[in-house]
2 protein chains.
Amino acid sequence: MTSSPCYCTALKAASRRLAALYDEALKPVGVNIAQFSLLRRVRRAETVTLTELGRLAELDRSTIGRNVRVLERMGLVALSRGEDQREAVVRLTPAGHQALVDGDPLWDGVQDAIDARLGPTGVLELFTTLRDF
Amino acid sequence: MTSSPCYCTALKAASRRLAALYDEALKPVGVNIAQFSLLRRVRRAETVTLTELGRLAELDRSTIGRNVRVLERMGLVALSRGEDQREAVVRLTPAGHQALVDGDPLWDGVQDAIDARLGPTGVLELFTTLRDF
DNA sequence: AACCATTGCGGGCATATACCCGCGATATGA
DNA sequence: TCATATCGCGGGTATATGCCCGCAATGGTT
């Protein structure tokens, strides 16, 4: 039936609500959850090109490029050329490292709160379902 | 642990993947899923103010205002003043109605595909979980 | 070596989203 | 009635996101 709830709209709304939760928690650090997540990826990779970062984050390369430039303006990451002169390599700055150190416990707090609300099986089921999309 | 998957990032990524599915299906109609969903809401309400539409869609009023203006430029909705001269009232145009008539079966197709992949219990569990966010 | 296909980016364009500010319209209380 | 508070919007600003185009670097073929 056409009047049934739209899965996409419901997912997007939940996504916005959840992002708002993380954003609120991360306010003291001055980054939102998208930026924090990107910083975490850079930390995990140590050095990574824009294209690779886009692949990891499942985001368009141009999107990654712009998002990284914002973090660069904030002084949280540094961009340089790779051996392959085409590549733009991203690395954390000391301030970027510090932002992660400061943000980690805040991020953990939100994750824990969600864990508590959903329970282990709930989390597992959710992730299994989301992977299918 | 800080290295566990971020619920928000996972949800956002799934949301993007799902939206891309709907967008692709709706291409013949020339609208994306966000616009189609908004059109559906307007149809359901017949006439509705921007603020009310924002409440229904769980979107900021200013966001709704801009999104509606895009639909207006496309000729799919019409804006007028309400009895309360402050209110901007939204209504579907004939073209807007037609877009919904054309899009409904395409949208149904995606919904059905998801139903088939998740099964009735899967869908129920997902929605129960999302509501908690 | 020269040519051509591929790859990595930047920039342009468009939509989506939120927050804030200010203006005008409406409702409320003295 | 008049002053004040509230409400509904529009516009400014900023980030997020994707698609397309063009440029420069790289790689592979002849």
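This one's a predicted model, so the numbers in the text were calculated from it and none came from an experiment. Within every chain, numbering begins at 1; the chains are lettered A, B, ... in the order of the sequence lines, protein sequences first and strands thereafter. Hydrogens, waters and symmetry mates play no part in the numbers below; they use all other heavy atoms, side chains included.
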Restricting both atoms to N or O, compile the protein contacts to nucleotides 2-4 of chain D shorter than 3.5 Å, with distance only.
none

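Taking the six-membered ring where the residue is Trp, A/Trp107 and A/Phe36 present tilted rings, their angle falling between 30° and 60°.
No more than 12 heavy atoms of other residues, nucleotides or ligands lie within 6.0 Å of CD in B/Glu46, so this atom counts as exposed by the packing criterion.
Comparing the start and finish of the helix from C/dA1-D/dT30 to C/dA30-D/dT1, five pairs each, the helix axis swings through 0°, to the nearest 10 degrees.
Rounded to whole angstrom, the span from the CG atom of B/Asp23 across to the C1' atom of C/dA14 amounts to 13 Å.
The closest side-chain heavy-atom distance from B/Leu76 to B/Leu92 is not below 4.5 Å. Inter-residue side-chain proximity for B/Ile33 and B/Leu18 is flagged as unmet; no heavy-atom pair is nearer than 4.5 Å. The closest side-chain heavy-atom distance from A/Val70 to A/Arg73 is below 4.5 Å.
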Note to self: Treating primed atoms plus P, OP1 and OP2 as sugar-phosphate and everything else as base, which nucleotides of nucleotides 6-14 of chain D get B, S or - for protein heavy atoms under 4.0 Å?
What the structure shows: -BSBBBBB-

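In terms of phosphate contacts, A/Asn67 brings no side-chain nitrogen or oxygen within less than 4.0 Å of OP1 or OP2 of D/dT15.
Place B/Gln85 and B/Glu58 on DNA chain C by their nearest nucleotides, and B/Glu58 ends up nearer the 5' end. Taking the nucleotide of DNA chain D with the nearest heavy atom to each of A/Glu83 and A/Asn32, the more 5' of the two is matched to A/Asn32.
Judged purely by distance below 3.5 Å, without hydrogens or angles, the side chains of A/Gln111 and A/Asp115 never pair a donor atom with an acceptor atom.
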